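All heavy atoms count here, side chains included; hydrogens, waters and symmetry mates do not. Just so you know, these numbers come straight off a predicted model, no measurement behind them.
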Amino acid sequence: MVKYINNKGEIYEAEYDLQIARHTSSHILAQAIKRIYGSDIKLAIGPAIDNGFYYDFDGLNVKQEDLENIENEMKKIVKENQKTSCYTLNKKEAIKLVTEMDEIYKKEMIEEMKEDEIISFFAQGDFTDMCTGPHMLYLKSVGHFKLFTATGAYWRGNEKNKMLTRIYGTCFEKKEELESEILKKEEAKDKDHNKLGREMELFTTVDMIGQGLPILLPKGATIVQTLQRFVEDEERKRGYLLTKTPFMAKSDLYKVSGHWDHYKEGMFILGDEAKDKEVFALRPMTCPFQFMAYKNRQRSYRDLPLRYNETSTLFRNEDSGEMHGLIRVRQFTISEGHLAVRLDQLEKEIAGVLDLINYFMDVLGLKEDISFRFSKWDPNDRAKYLGNEEDWEYSQSVLKSILDDLKINYVEAIGEAAFYGPKLDIQAKNVYGKEDTIITVQVDFQLAHRFEMTYIDKDGSKKYPVVIHRTSIGCYERTLAMLIEKYAGTFPLWLVPIQAKILTISENEIEYAEEVKNKLLQADFKVELDSEDNKIGYKIREAQLEKVPYMIVIGKNEVENNTITIRNRNGEDIKDITVDEFINMLNSQVKKELLK
RNA sequence: GCUGGAAUAGCUCAGCUGGUAGAGCAACGGUCUUGUAAACCGUAGGUCCUCAGUUCGAUUCUGAGUUUCAGCUCCA
């Protein structure tokens, strides 16, 4: 049991609380910083977060190597085992105190509070901080902590504000827990797609090509091709019509779509508006192009729902600091699609989209790792969005009721909507726990009007369809990144770029091995023959490093018996099997993996 | 875009305060023709990210740029 003190000054006893311990650790960090770097360092905020804590400081200039020193000071403070006390002040008194302390950020926070707010302060030895608590009564109770990084962070998360210095750390009750967390971080590095993907020769980047423009090497390209064929085939089965639309268009198109006003910064623009007669832009989204396919002829209510899909390459001029491996790039290819539907079809079509997504996530093995986010507009940031409040309230309420009907378990996020409508985002976490959107489904009541997309209804009147913007498997680069980390490079059979590697014991078996290879290639399997080196142990090791699911070993016994020996990833051997039997085995395994 | 790191052989890295570079693995050539995790001998491989500046002399110091990493902000 641990003793705590809350913001009423009450002392109570409870189990070790990780959140409070981490919050207390952030105060110890701040105390250490003040001791080492002096009172010129201004305190901003220092909360506990998911996997640790941080504290933001102004005027602090620390480097990675200084962290050890700071950590030692923190340990010293804990050893002193100061007792925490708490007192409260009214707003006026609190402002007076923080003004005396010259804590400008605390002052700013207090000034924004209500007049009758009671503000609590926690003190430990020579250190006092405004805080709502609770805290550990004795600093010794915090347990074991470690500082990780010192980086920059904007005050209040706004890029217009000053950049402060943020120190991240974590804390656990037991030393073993801390050590296992550190170990976990180390192990995560080996799964990091940006490291593993390069090591496995799935992709690379080249200085001369530029940021966010990775090259998919043969193995990575093979995986993406497998995914794309799978997605296009499945979508055709579900009634989607394929389009192939241009990679760029005149600015006129984007002016109608609203991209020119709302998304220009994110586009690669070819030409100079001031000088050139015609200005082009690479497409950042496929929507307006597929809308033109819709408008190719007059549509009837009987034509709807109309489902378009395209394996679509997009270009977005991301800020230079944003690029990261395959997760965030400037050119990417997405399983894009737009559905033009009648309002009475909307729910069923969204359900259909979600069923498709669900199937894909299941096949990829990501079903357990995703979460749903209902992304709404921010009424306080109108300039970012098309349409008025009424439009947004309507489209959001429609999407919300559909999601509730479908019993989707989601969190809401303000200000994450697309500029033309609310979204259902499907989120996945990377190996370090950082969340990214991999799939998005959007409901759009706006763009059909802008593009004059209409259909003739039963009663002969002209109507606008609702547009669903959706991806089904997401963007191939980002999804590949997630898969690399999910499987630590050990891809399932249907997806792996080399499904089997044929290894010969000596050069005498190469002719037979070629026969085996051709049979497997004809049966549509991806195989390689390694006959360069004669050392079988070495070859097996190579195949293991490449995470090849099956090794086919061929020596003189196999040639004599017209069979092969197979070794799977677990190191188990199957002997005296024929090539045809092996092909059947592979086929049934792939079928199973595709849930068919 | 912002803050702070980093860039040396194909890969992982070493190289003290300025005197143009090394190791292990990989590659290539040869020997061995081998039944399950690195056989032996040999060879080659570098614009020390780029461009300027300081200097008799720069991988090393300074500046600008490029790429890259962590975080922030932005985003699929």
query: Considering only the P atoms, how many Å lie between B:A9 and B:G53, rounded to the nearest integer?
result: 26 Å
Q: Give A:Tyr168 one of three labels, base, sugar-phosphate or nothing, depending on what nucleic acid heavy atoms sit under 4.0 Å from its own.
A: sugar-phosphate
Worksheet item: Without hydrogens or angle criteria, can the side chains of A:Glu336 and A:Thr286 be said to hold a donor-acceptor pair below 3.5 Å?
Response: yes
Does this structure show an ion pair linking A:Asp425 with A:Arg373, if we count only N-O contacts that are shorter than 4.0 Å? yes
Do A:Glu310 and A:Thr245 meet the criterion of a side-chain donor-acceptor pair at a distance under 3.5 Å? yes
If the threshold is 4.0 Å, N to carboxylate O, is there a salt bridge linking A:Lys189 and A:Glu186? yes
Walking RNA chain B from its 5' end, the first of A:Asp425 and A:Lys556 to be reached, judged by nearest nucleotide, is A:Lys556
Quiz item: Which is true for A:Lys423 with a 4.0 Å heavy-atom rule: it touches a base, it touches only sugar-phosphate, or it touches nothing?
Solution: sugar-phosphate
Q. When rounded to the nearest Å, what value does the distance between C1' atoms of B:U66 and B:A52 take?
A. 15 Å
Per atom distances to the A:Asp192 side chain, the nearest of B:A70, B:C75, B:C72 is B:A70
Per-residue pairing states of RNA chain B in dot-bracket (Watson-Crick or G-U under 3.5 Å; . unpaired, | other strand) read (((((((..((((.....[..)))).(((((.......))))).....(((((..]....))))))))))))....
To the nearest angstrom, the OH-P distance between A:Tyr54 and B:G4 comes to 19 Å
Here the distance between atom P of B:C11 and atom NZ of A:Lys195, to the nearest Å, is 14 Å
- Taking the same atom, P, in B:G24 and in B:G42, what whole-Å distance lies between them? 13 Å
Winner on side-chain proximity to A:Asp436, out of B:C72, B:C75, B:G35, is B:C75
Lys/Arg-Asp/Glu bridge criterion (N-O < 4.0 Å) met for A:Lys547, A:Glu199: no
Taken to the nearest whole Å, CD1/A:Ile439 to C1'/B:C75 is 16 Å
Correct closest heavy-atom pair for A:Gly212 and A:Val329 would be O-CB, 3.3 Å
Separation of B:U68 atom P from A:Ile215 atom CD1, nearest Å, is 12 Å
Which of B:C72, B:C69, B:G35 is nearest the side chain of A:Lys434? It is B:C72
Contact check, residues 368-383 of chain A vs RNA chain B, heavy-atom distance under 4.0 Å, returns none
Closest to the side chain of A:Glu558, out of B:G35, B:C72, B:C69, is B:G35
task: Please work out whether the ring planes of A:Trp392 and A:Trp377 are parallel, tilted or perpendicular, with thresholds of 30° and 60°.
output: parallel
Requested in this report: Answer yes if the side chains of A:Glu232 and A:Thr311 hold a donor-acceptor pair under 3.5 Å, and no otherwise.
Outcome: yes
- Chi angles and distances behind the ring-ring contact (aromatic ring centres under 6.0 Å, His included) call for A:Phe57, A:Tyr55: CA-CA 7 Å; A:Phe57 304 96; A:Tyr55 212 113; 5.0 Å; yes
query: Ignoring hydrogens and angles, are the base of B:C74 and the side chain of A:Arg328 linked by a donor-acceptor pair under 3.5 Å?
result: yes
Below 3.5 Å is the cut-off: list the nitrogen or oxygen pairs between protein and nucleotides 1-3 of chain B, distance only.
unit_1, atom_1, unit_2, atom_2, d
B:G1, OP2, A:Ser320, OG, 2.4
B:G1, O5', A:Ser320, OG, 3.2
B:G1, N7, A:Gly321, N, 3.0
B:G1, O6, A:Glu322, OE2, 3.2
B:G1, N2, A:Tyr154, OH, 2.3
B:C2, O4', A:Tyr154, OH, 3.4

| said: Between B:A23 and B:U36, how far apart are the two P atoms, rounded to whole Å? | reply: 34 Å
note: A:Leu60, atom CG; B:G4, atom P; distance rounded to Å ~ 12 Å
Worksheet entry | Inter-nucleotide C1' distance (B:U59, B:G22), Å rounded | 13 Å
inquiry  = Check this one for me: any side-chain N or O of A:His324 less than 4.0 Å away from OP1 or OP2 of B:A70?
reply    = yes
message = Taking A:Glu235 first and then A:Arg307, would you say they form a salt bridge - that is, a charged N and a carboxylate O separated by under 4.0 Å?
response = no
Walking RNA chain B from its 5' end, the first of A:Gln427 and A:Arg156 to be reached, judged by nearest nucleotide, is A:Arg156
Rounded to whole Å, CD1 of A:Ile438 lies from C1' of B:C75 at a distance of 15 Å
**Message:** Give me the distance, rounded to whole Å, that separates B:C13 from B:U20 when you measure between the P atoms they each carry.
**Reply:** 26 Å
Whole-Å distance, A:Ile327 CD1 to B:C75 C1', equals 12 Å
- If you look at every strand shown and take non-hydrogen atoms under 4.0 Å, does A:Val206 touch a base, only sugar-phosphate, or nothing? nothing
Checklist entry - With respect to the phosphate group of B:G5, does any side-chain polar atom (N or O) of A:Lys63 fall under 4.0 Å of OP1 or OP2? => result yes
Checklist entry - Is any side-chain N of the basic residue among A:Asp369 and A:Lys486 closer than 4.0 Å to the acidic one's carboxylate O? => result yes
- Item | Lys/Arg N to Asp/Glu carboxylate O, A:Arg156 vs A:Glu108, below 4.0 Å | yes
key: Separation between the P atoms of B:G18 and B:U62, rounded to whole Å   = 11 Å
*asked:* One thing to verify: whether A:Glu485 and A:Lys191 come together as a salt bridge, which I'm taking to mean a side-chain N less than 4.0 angstrom from a carboxylate O.
replied: no
By the 4.0 Å heavy-atom rule, please label A:Val62 as base, sugar-phosphate, or nothing. nothing
To the nearest angstrom, the CG-C1' distance between A:Leu67 and B:G4 comes to 11 Å
- Ignoring backbone atoms, test whether A:Asn557 places a side-chain nitrogen or oxygen under 4.0 Å from the OP1 or OP2 oxygen of B:G35. no
At under 4.0 Å, does any side-chain N or O of A:Lys384 touch on OP1 or OP2 of B:C75? yes
May I ask you to say whether A:Lys423 pairs ionically with A:Glu416, meaning some side-chain N is under 4.0 Å from a carboxylate O?
no
| request: Classify the nucleic acid contact of A:Gly157 as base, sugar-phosphate or nothing, counting any heavy atom under 4.0 Å across all strands shown. | output: sugar-phosphate
I'd like the P distance from B:C41 over to B:C32, given in whole Å.
16 Å
